[in-house]
Amino acid sequence: IDSEDDLLQECITSAMPKKK
Amino acid sequence: PTPPYLRWAESLHSLLDDQDGINLFRTFLKQEECADLLDFWFACSGFRKLEPNESNEEKRLKLAKAIYKKYILDNNGIVSRQIKPATKSFIKDCVMKQQIDPAMFDQAQTEIQRMMEENTYPVFLKSDIYLEYT
């Protein structure tokens, strides 16, 4: 089970642009 | 072609559309002890991207609670202080009633974005950290 912090970090990363 | 760091100066969006730009802006915000503003902005975008369906219902609720708890609940937090009371109580209501909508953080994100556009972003463009980079 993901901890809240992991979940939050995953969410933040998912919104960032991918390296060009 | 225009070098990336010149595009960063065009708008906050062009800065946040580039990974190196985000990293540098985040380093600057960390120095100013307000990196949470940026993390919250991206958390809102990431939350909106999660499509509501049966398989991720629990995840969305957990995430909405996590965002609320980390950035909004503490009235002394840098993010919370920049969000209007009405916006905060709207989000609190959504979380309490478990009415999890993809757009529930949109207004709060807009308020934080406006704050960055008017305040931290222009200061960043004049900061040593940016000028040294260029």
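Below, chain A is the first sequence line, B the second, and so on; all start at residue 1.
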| Which of residues 68-80 of chain B get closer than 4.5 angstrom to chain A, counting heavy atoms alone? | B/K69, B/K70, B/Y71
| said: Tell me whether the rings of B/F124 and B/Y130 are parallel (<30°), tilted (30 to 60°) or perpendicular (>60°). | reply: tilted
| note | Okay, B/L63 and chain A: the region with an atom under 4.5 Å from a heavy atom over there is both
| said: Between B/L16 and chain A, with a heavy-atom cut-off of 4.5 Å, which part of the residue counts as in contact: side chain, backbone, both or neither? | reply: backbone
| query | Got a salt bridge between B/K59 and A/E10, using NZ or NE/NH1/NH2 to carboxylate O under 4.0 Å? | reply | yes
| query | Between B/S55 and B/N53, do the side chains contain an N or O donor and an N or O acceptor separated by less than 3.5 Å? | reply | yes
| Donor-acceptor side-chain pairing of B/Q109 and B/S45 below 3.5 angstrom | yes
| Are the side chains of B/D39 and B/R26 in touch, meaning some heavy atoms are under 4.5 Å apart? | yes
| field | Near-ring test B/Y121/B/W8, centroid separation under 6.0 angstrom | value | no
| request: List for me each residue that meets side chain to side chain donor-acceptor pair (under 3.5 Å) alongside B/E117, sequence neighbours excluded, and say none if there are none. | output: B/Q113
